[in-house]
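Because the structure is a prediction, the values reported are computed rather than measured. To find a chain, count down the sequence lines: A is the first, B the second, and so on, and within it residues start at 1.
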Number of protein chains: 2
Amino acid sequence: MERRPTIIDVARAAGVSKSTVSLVLQNSASVRAETRAAVRAAMEALGYVYNRAAANLRSSGAGLIGLVINDLRNPFFTEFAISLQMALSERGFAAVLANTDETPALQAQVIGAMIEHGVSALIVSPAYGGGETGFDAIARAGLPAMQVLRRVDGRTDLFPFAAPDYPAGSRLATEHLIAEGARNIAFVGGLEGRMVTEERLAGYRATLAGAGLAPLVLPGRSGRSMGRAMARRLAEDHPEVDAALCFNDQVALGLLSGCAEIGRPVGPGGLRIVGFDDIEDCAQSWPPLSSVRCDIAGFGQAVAATILAWVEGDVTPPAEDRPAVDLVIRASSAAQPSKER
Amino acid sequence: MERRPTIIDVARAAGVSKSTVSLVLQNSASVRAETRAAVRAAMEALGYVYNRAAANLRSSGAGLIGLVINDLRNPFFTEFAISLQMALSERGFAAVLANTDETPALQAQVIGAMIEHGVSALIVSPAYGGGETGFDAIARAGLPAMQVLRRVDGRTDLFPFAAPDYPAGSRLATEHLIAEGARNIAFVGGLEGRMVTEERLAGYRATLAGAGLAPLVLPGRSGRSMGRAMARRLAEDHPEVDAALCFNDQVALGLLSGCAEIGRPVGPGGLRIVGFDDIEDCAQSWPPLSSVRCDIAGFGQAVAATILAWVEGDVTPPAEDRPAVDLVIRASSAAQPSKER
DNA sequence: CCATGTATCTGGAACGTTCCAATTCATCTA
DNA sequence: TAGATGAATTGGAACGTTCCAGATACATGG
């Protein structure tokens, strides 16, 4: 496999200097139209490919953004990552993406690798857990970086935090369930002590307290299988519970199929269920699942815009940004669904 | 923001030459332990970060692999991408990932961007449709690239193809349904004319023909909503159908909730359903969904190994590789489920 | 006809690494 | 002791760009 042609080869072929070729590459106005055409033709003929790494060596600004996600298998995070990546792509940036599987050590490793690869900024949905997280490495490299969806590193001046307004979401959902007549509302799923869980719990607790109702919190690993198992446990240990606010949609959908399994009806007259995140499957389950909509796609695009403004325009984002959420009511919690947008 | 330190700064601080620092960076054996320690200490003190782009300029081999996927929202592709990325990460490679949303033009654009960013190879699950696909650009750049999960570009000598053995999968599934006593087996979902659909259909058609049964093919866009709508259509237009082999799990899960919606029982005695791909949700639905397991995680890892062997060891993969699949039997199609691995 | 301006184009010095050939210095061999 | 061996280190030339400070050619105005 022979060497790739460089601008020098192109210059020779077009009968101009390498500087001129460089100007053409940058669409400079100060190059004659015919010269430009000749250079372009030479590039085409030689099969020239631009070497961005070499260019960045001189004038840095790689056009690469690192995206580090704790759990890409969860559709909520997937959707976030995809919408972010596509928004970046539209603006000519590429995304280096890595899944850390909730492992801080892995996270530190991939962050290190990304820094070496010359990313101009990082967006991290951090893994929980102690030890080396990689944020120190980012600080050392002096790169712009945001924490999204979870706050793990306290230095929000260095690493601004952005996530949907979870407390408001669980408040909306709890108010809705109370308005629908539920009196024994359980909160299902979420690992205790984590910020996301605490935030989603906060709105629930506050609203119940305001209505003089008692909370029942059943935490746990938040997957489909946990929700499914919880259906049986709820029926056996807490038969009085008439509504469940779930930590996320995975738990809620699991609970839904668990209820189908044990033959317990879901919805008005049965167990009312509300999920959190409003992933795509919510609208397609049976019964369709009510959920707190975080507009994660819009959030991803917003984060893309924020990070690009930081990188390109030097606009530091606020230390904390909590976009609003809303509640989508479907048959799993009410007879009268809200209109789909 | 001040300039990052370079090996020259490190060399000055450690009182050695830049060459020695470079040797330390490469863990060369021919540098004295104390010198190495001194250099390491200087790096630490200055907060040195390695500049891989500069290194690659001299001796190319970027350690970046491009991953271009047509639909990352589909958990099947997500799982593939993640397992591939994580396998690469283990071997010290980073993955640049992009979703093309089934748009060839977007695909061509991101492939171009990745080539400029200096990826050493590409793995593409291509979008269907005409026009510029980006494969020509890969060929021009002379980069190793594989087509996975779908074959779109005919040049399999240049772009080897790898995908699970779909025809064998649908054969297994159809044989199973026949053995279970089904006589009117429909094939639901999949867009006609596409290779994946044709392959998944092939095993179904062949097996039915061998058993003297008539096929019923109901193609369509393969999402959850399509499956859900199909439940009603099946009951109304084809009441004799006693089993459905679905194009993928999304359709099957949609069909499952559609059956719940119209009150039609699923499983032995009702409509038997088998999905395709065996995504994680299959085991958690109610009833649990039988599916053709492609071991997509294992497949992703295998593809990672193949591409690295190509990049690092110059081992060209075979033009076509079709790893075996198997059938996981659950309650949606039989009273006697197969053992989960 | 000279000075000035304008539109194009160009040579060479960066950028931060790697790699090769060369150098140093101590130790070993005959 | 001269020469060889070998380990550790070093200087300088790449790598493919960008960018700056000219250089060139030609038209313009006085």
> Rounded to whole angstroms, how far apart are OH on B/Tyr50 and P on C/dT17?
Replying inline: 8 Å
> Roughly, in whole Å, what's the span from NE2 in A/His117 to P in C/dT17?
Replying inline: 15 Å
> Hey, is CD on B/Glu312 packed in by over 12 heavy atoms from elsewhere, all under 6.0 Å?
Replying inline: yes
> Are A/Lys18 and A/Asp9 within salt-bridge range, i.e. N to O under 4.0 Å?
Replying inline: no
> Got more than 12 heavy atoms from elsewhere within 6.0 Å of CD, B/Glu320?
Replying inline: yes
>> Side chain of A/Ser22, heavy atoms from C-beta onward: which of C/dG16, D/dT17, D/dT18 has the nearest atom to it?
In response: D/dT18
> Could you give the angle between the helix axes at the two ends of the helix from C/dC1-D/dG30 to C/dA30-D/dT1, with five pairs per end, rounded to 10 degrees?
Replying inline: 60°
>> Within the 4.0 Å limit for protein heavy atoms, which parts of nucleotides 8-14 of chain C are touched? Write it as a string from 5' to 3', B for base, S for sugar-phosphate only, - for none.
In response: SSBBBBB
> A/Asn56 has an atom CG; how far is it from atom P of D/dT18, in whole Å?
Replying inline: 9 Å
> Under 6.0 Å from the six-membered ring centre of B/Phe135 and within 45° of its axis: does the NZ or CZ of B/Arg140 meet both?
Replying inline: no
> B/Arg4 has an atom CZ; how far is it from atom P of C/dG16, in whole Å?
Replying inline: 10 Å
>> Strictly below 4.0 Å, N to O, side chains only: are A/Glu116 and B/Arg4 in salt-bridge contact?
In response: no
>> So, taking the atom named CD1 in B/Ile115 and the one named CG in B/Leu122, what distance separates them when rounded to the nearest 0.5 Å?
In response: 6.0 Å
> Below 4.0 angstrom, N of the basic side chain to O of the carboxylate: do A/Arg73 and B/Glu79 qualify?
Replying inline: yes
> When the distance from CZ of B/Arg52 to C1' of D/dC15 is rounded to whole Å, what number comes out?
Replying inline: 17 Å
>> Please report the distance, rounded to the nearest Å, between CD1 in A/Ile8 and P in D/dT18.
In response: 12 Å
> Would you call A/Glu34-A/Arg36 a salt bridge at under 4.0 Å N-O?
Replying inline: no
> Is the phosphate of C/dC19, meaning OP1 or OP2, less than 4.0 Å from a side-chain N or O of B/Gln26?
Replying inline: yes
> In whole angstrom, what separates B/Asn51's CG from D/dC15's P?
Replying inline: 18 Å
>> With a 4.0 Å cut-off on N to O distance, would you call B/Asp153 and B/Arg155 a salt bridge?
In response: yes
